[in-house]
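In the text below, chain A, chain B and the rest are named by the order of the sequence lines, each starting its count at 1. Note that these values count all heavy atoms, side chains included, but never hydrogens, waters or copies made by symmetry. Please read all numbers here as calculations on a predicted model, not as lab measurements.
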Amino acid sequence: MTSSVCTRFAPSPTGDLHIGGVRTAIFAWLTARHHGGKFFIRLEDTDQERYMPGSARRILETFDWLGIQLDGGPDHASLRQMKTDEDYAGALADGSYKGISGPFVQSQRLPLYQQWAEWLVEHGCAYRANETPEELERMRAAVIERKEVWNFREEMRLRTDIDPAQPHVIRMRVIPRDGITQLHDLVKGDVAFENANTDDAVLLKADGYPTYHLANVVDDHLQEVTHVIRGDDWLSSAPKHILLYRYFGWELPQFAHVPNVLGEDGRKLSKRHGATSVFEFRDQGYLHEAVINFLAMLGWAPGEGDEQNVFTADELIEKFSEEHIGSSPAVFSYSKLDWLNGVHIRRLPPAELAERLLPFVEQAGLKFDTPEAQARFRQAIPLIQERIKTLRDAAGLIDFIFTDIETPAKQALIGQKMDQAASLAALRETKALLEQLPVFDEAPMEQAMRTLAERLHLKAGQLFTIVRNAVTGKSVTPPLFGTISVMGRETALQRLERAIRVLSE
RNA sequence: GCCCUCAUCGUCUAGUGGACCAGGACACAGCCCUUUCAAGGCUAAAACACGAGUUCGAAUCUCGUUGAGGGCACCA
């Protein structure tokens, strides 16, 4: 048994991280942390055609935002200092971090793959071939025509006298041909594959780059990965990897093939279901705490009768267990994410919430250019904290405090079961009351207003509703008196005066 | 077509042969609280895909059926 757990997340640099990929990463990270082990990322950029510049940066930024610390890779502090795409890419191309051997970009490790591919050839576990893609296509078509199973085998080679100096590929031999290759998967259990169904896959491409099969095995071994946690679309090729470990004589890691994330229609989650990139969630005002919590519970539950739903990252680390990852695909529920986001927002200290809210409310057009406006913004936080589901929701709840409102229509200023005259009188009394209120705070204001309602023989709701409309221009707002208090006496009186004028006509 | 995987309320799940006429959470509905909106509390409705076995007893084990997902590249 290995002494220390090490897991990795190995994305291809083809764009922003998909939320499903992030979930896999979270499972890998939690596995490592739960066992006090290490976690790193490795860029699988062996397909030159699909490479997207800037991916290293996007991926590193994702983990930075999530608050997931990498052991193999730059830490949060150094990430913050980086400026250009090259800085980020360079950080991953670096030698090693915390004892995990880099580089963490496969294109920087080419000699390793070439060396081990040659090793396999020398030891009879692989061979050279040089059929062109067109030739292979023709062979495949012919086989399928005969309704036979297409599986490349050594004896199918068109040419056997291959000059190692000329372009060619290296393919693995499947040994033994008629055996069975089994694996014990942490989430799928025991799975068996007939070797007859495993083809002589290309390990090293003609361009000198490895395929995934070779690269992941070589890297995972060299980087001492103990738990290979990846999407279950890899399950079918797992026997190839097992065979390779066996050929090399390397100890097998544990495997955990985690199921896909589905959209609400039961299909694989994609753009048409809504947001899929982590950054979209971030930009829509989701907290990283909520995203981690939600994703972790998508396909995992603490089990053993534990019915906890809301977790901090530390709680997840403590309770996580890779054996409890569910084996069936899970549907991504936006409404549950919304709920969890609200929960985590409510858990934030108000000052912290204000901090996170700032970019969002500014983006919505609210400006706090004076210290006084900033103070008002901070005071408004407790009023909205339990009313927002995403950081984006805040602006719409408090905009009227910071920007002018349209004077409400007469209709909105006449109370339930009240006539115009009574409403007018009520607003005048309110204005007088607010003018004289010694301390412009929520509690004394509410008390005074309740007394006023009584004196006018009005129900509190009747009075408050028209005052709300007059002062905020809205019928739905955060608690009235707290809001008025934050807004300040001057603004409130002005707006009341305008409303009074409307009713006086 | 072949191979692999999966199958409990609408959704995420608990459940590993008896404690389950199946528990929790989200969403939905109603009620309470209440100045609106939230938050909170309470209540309701809601599931073991189907069919055979094994067993005194099955959501749990076996087989089959159906459905869904994934793989079958010099992509990862």
Side-chain angles (χ1 to χ4, degrees), chain A residues 10-14 44-47 49-50 129-133 136-137 140 144 147-152 167-171 185 187-189 191-194 196-199 201-207 209-213 215-216 230-239 257 259-260 262 264 266-268 294 297-310 324 326-340 342-343 346 383-389 397 446 449-450 453 459-465 467-469 472 474-481:
Chain A
S12 305
T14 52
E44 310 226 315
D45 63 341
T46 55
D47 183 2
E49 288 181 12
R50 297 204 308 166
N130 68 356
E131 286 67 34
T132 66
L136 285 169
E137 192 40 56
R140 179 185 298 120
I144 290 172
K147 298 207 191 275
E148 285 168 24
V149 179
W150 165 249
N151 245 354
F152 193 93
H168 65 279
V169 302
I170 291 180
R171 287 182 180 269
D185 189 89
V187 343
K188 303 287 184 183
V191 188
F193 297 84
E194 288 184 36
N197 292 321
T198 299
D199 69 332
V202 169
L203 262 19
L204 200 67
K205 303 185 243 180
D207 62 4
Y209 278 69
T211 59
Y212 175 85
H213 307 304
N216 97 84
R230 63 204 341 180
D232 71 358
D233 40 347
W234 287 114
L235 188 59
S236 308
S237 41
H257 288 93
N260 275 128
L262 271 25
E264 257 140 12
R267 316 286 304 181
K268 198 169 175 182
F294 174 74
M297 298 204 55
L298 204 61
W300 173 86
E304 280 143 24
D306 189 335
E307 285 167 346
Q308 184 172 352
N309 285 289
V310 180
H324 280 118
S327 49
S328 51
V331 173
F332 190 101
S333 163
Y334 290 90
S335 64
K336 192 156 190 175
L337 207 213
D338 280 348
W339 168 73
L340 263 179
V343 171
R346 274 171 247 132
L383 297 173
I384 59 171
Q385 184 154 21
E386 67 184 30
R387 268 162 262 270
I388 56 176
K389 281 196 165 17
L397 288 180
E446 173 168 358
M449 287 294 288
R450 285 191 187 281
K459 286 193 176 164
Q462 286 177 292
L463 209 214
F464 297 175
T465 298
V467 172
R468 167 177 286 111
N469 278 318
T472 71
K474 298 184 181 195
S475 55
V476 175
T477 70
L480 223 210
F481 306 111

Which residue lies more 5' along RNA chain B, comparing A:V149 with A:R50 via nearest heavy atoms: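 On the 5' side of the pair lies A:V149.
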For B:A49, which nucleotide in any strand shown is its Watson-Crick or wobble partner with both distances under 3.5 Å?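 In the structure as shown, B:A49 has B:U65 as its Watson-Crick or wobble partner.
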For a quick test of reading the model: is some side-chain N or O of A:R267 closer than 4.0 Å to OP1 or OP2 of B:A68?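 Looking at the OP1 and OP2 atoms of B:A68, neither is under 4.0 Å from any side-chain N or O of A:R267.
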Just checking A:P259: base, sugar-phosphate only, or nothing, at a heavy-atom cut-off of under 4.0 Å?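 Answer is nothing: A:P259 stays at 4.0 Å or more from every strand.
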How long is the gap from NZ on A:K205 to OG1 on A:T46, to the nearest 0.5 Å?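 Those atoms lie 4.5 Å apart.
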Given atom CG of A:L480 and atom C1' of B:U34, what is their separation to the nearest angstrom?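 One finds 13 Å between C1' of B:U34 and CG of A:L480, rounded.
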What is the distance from CH2 of A:W150 to P of B:G1, rounded to the nearest Å?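 For the pair A:W150 CH2 and B:G1 P, the rounded distance is 21 Å.
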Given the [atom1] atoms of [N] and [M], what is the spacing between them in whole Å?
N: B:A22; M: B:A47; atom1: C1'; answer: 9 Å
N: B:U66; M: B:A52; atom1: C1'; answer: 14 Å
N: B:A59; M: B:A19; atom1: P; answer: 9 Å

How close do A:W339 and A:V310 get, counting heavy atoms only, and between which atoms?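 Smallest heavy-atom distance, with atoms named: CH2-CG2, 4.0 Å.
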Under 6.0 Å from the NZ atom of A:K459, do we count more than 12 heavy atoms belonging to anything else shown?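 Incorrect, the count does not exceed 12.
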Within the 4.0 Å limit for protein heavy atoms, which parts of nucleotides 3-15 of chain B are touched? Write it as a string from 5' to 3', B for base, S for sugar-phosphate only, - for none. SSSSS---SBSSS
